[in-house]
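Notes follow once the structure below has been shown.
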Amino acid sequence: MRHTFARPRVSLLAAIVLLVAGCQPKANGLADGSGSVIIATGADADYLVPPIVRGITGKQIIDQIFDYLADPPATLNTVGDVGFTPRLARSWTWSKDSLAITFALDPRARWHDGRPVRAGDVRFTFEVLKDARTASPLATYLKSVDSISVTDSLTATAWFNRRSPEQFFDLVYNVAVLPEHLLATVPRDRLAESPFAQQPIGSGRYRFSSWQRGSLVELDADTAN
C-alpha cells in the first residue's frame with residue numbers, strides 16, 4: 001500500500017482527521033483502488049529527519065518511516081511502561097532501583113536498505129539527540145537520561161539520573177531510532193542539508209519514496225519486514 005501526503009487548502013484539524021481516517025481506506029473512500037491512500041495535510045513537512053522535526057506534518061510522516069523501541073497506548077495516558085507494545089524492542093527489563101531499563105531488540109528488525117538494526121543505532125541516536133550541535137527540540141525531554149550503553153548487538157541499556165512516572169514514555173516516545181551506518185559521518189549541525197534528509201531510510205512500516213516540496217510526499221509499505 002502507498003501513502004501519499006498531499007497539501008491542499010485544508011485546516012490543520014482536517015489534516016489530523018484525514019490521517020486517522022486513512023487507516024481505513026475502504027470505509028472512507030480515500031483509497032484509489034490501486035492500494036494507495038491519499039492523506040491531506042495543512043502544511044508541508046519541515047524536515048524528515050526525526051531529531052530536527054518541529055512541525056506536526058513532519059512528525060506524522062517520520063512516524064511512518066522510522067521506528068521506536070515501543071509504541072505507547074493510543075491515549076498517551078500511561079505511567080511507567082503500562083500499555084506500551086513492543087516495536088524495535090521485543091522486550092525490556094527494569095533494574096531494581098528503576099534507574100536503568102535494558103531493551104532486547106528484535107533480531108528481525110531491518111533498515112530499509114537491508115542492514116540489521118543494532119543496539120549501537122539506539123546509542124547513536126541518543127547521542128545525536130543530546131548533542132548541542134543538533135539543536136534538537138527533543139533534547140529537553142531526555143534530561144533524565146544519562147546515557148545509553150550497549151552490551152551486545154541486540155541489547156541496549158538506558159541509564160537515568162532520576163526516577164519519574166514519565167521516564168519510560170519520555171525515552172521511547174522521543175527517540176525514533178536512526179541508522180548509524182548512514183549518519184555517523186554527517187556533521188550534527190548539517191543534518192538538514194545532508195543527502196539523508198532528502199531520502200531518509202528508516203526501519204518503520206513505510207519506506208520513503210519521494211518528496212515534492214510544498215506538494216507531495218510518497219511512502220510505500222515496507223513488505224520486506
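The shortest non-hydrogen separation linking T78 to G83 is OG1-N, 4.5 Å. Of all heavy-atom pairs between Y68 and I62, the closest is OH-CD1, 4.4 Å. Summarising the geometry of L129 relative to N174, their closest heavy-atom pair is CD1-O, 3.9 Å, with the distance given to 0.1 Å. Q198 and A192 get closest at one heavy-atom pair: NE2-O, 4.0 Å. Minimum interatomic distance between P51 and P137 (heavy atoms only, all atoms of both residues): O-CD, 3.3 Å. Among all heavy-atom pairs drawn from P72 and Y173, the shortest one is CG-CD1, 4.0 Å.
Side-chain contact check for T134 and D131: no donor-acceptor pair (N or O, by modelled atom type) lies under 3.5 Å.
The pair R115-D113 does not count as a salt bridge, with every side-chain nitrogen at least 4.0 angstrom from each carboxylate oxygen. Looking at R54 and D46, no side-chain N of the basic residue comes within less than 4.0 Å of a carboxylate O on the acidic one, giving no salt bridge. Ionic pairing of D220 and R207 is not present here: no N-O contact between side-chain nitrogen and carboxylate oxygen is shorter than 4.0 angstrom.
In this structure, L191 and Y47 have side chains that are not in contact, with every pair of non-hydrogen atoms separated by 4.5 Å or more. You'll find the side chain of W211 reaches within 4.5 Å of the side chain of L48, heavy atoms only. The shortest distance between side-chain heavy atoms of P200 and H112 does not fall below 4.5 Å. By the 4.5 Å heavy-atom criterion applied to side chains, K143 and R162 are not counted as neighbours. D81 places none of its side-chain heavy atoms less than 4.5 Å from the side chain of I101. Contact annotation: the side chain of D67 never approaches that of V177 to less than 4.5 Å [non-hydrogen atoms, C-beta and beyond]. A heavy-atom distance below 4.5 Å is not found between the side chains of R205 and L219. Two residues are said to be in side-chain contact when any heavy atoms from C-beta on lie closer than 4.5 Å; F160 and D170 fail this criterion.
Applying the salt bridge (Lys or Arg N to Asp or Glu O under 4.0 Å) criterion to K59, with sequence neighbours excluded, gives D63.
Linking Ile, Leu, Val, Met, Phe, Trp and Tyr residues whenever their side-chain heavy atoms come within less than 4.5 Å leaves V150 and L105 in two separate clusters. When hydrophobic clusters are built by joining Ile, Leu, Val, Met, Phe, Trp and Tyr residues whose side-chain heavy atoms come closer than 4.5 Å, directly or via intermediates, V172 is grouped together with L154.
For F84 and W92, the distance between ring centers is not under 6.0 angstrom.
Partner of F124 under the side chain to side chain contact (heavy atoms under 4.5 Å, CB included) criterion, out of V122, V128, D121: V128 alone.
Applying the 6.0 Å contact sphere to CD of Q199 captures no more than 12 heavy atoms from other residues, nucleotides or ligands.
Note that OH of Y141 is 10.0 Å distant from OG of S136, once rounded to the nearest 0.5 Å. Note that CH2 of W94 and CG of L99 are 9.5 Å apart. Values are rounded to the nearest 0.5 Å. Atom CG of residue D44 and atom CG of residue L216 lie 9.5 Å apart, to the nearest 0.5 angstrom. If you take CG on L88 and CZ on R118, they are separated by 11.5 Å, rounding to the nearest 0.5 Å. Within the model, atoms CH2 of W111 and CG of L182 stand 8.5 Å from one another, a figure rounded to the nearest 0.5 Å. Atom-to-atom distance recorded for F196:CZ and F208:CZ is 10.5 Å, nearest 0.5 angstrom.
Under a 3.5 Å cut-off, the side chain of S147 and the backbone N or O of W159 do not form any donor-acceptor pair. Counting only distance, with no hydrogens or angles, the side chain of Q167 and the backbone of S164 share a donor-acceptor pair below 3.5 Å. For R163 (side chain) and D97 (main-chain N/O), a donor-acceptor pair under 3.5 Å exists by modelled atom type.
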side-chain contact (heavy atoms from CB on, under 4.5 Å) evaluation trace for V53 with I61: CA-CA 10 Å; V53 167; I61 296 171; over 6 Å; no
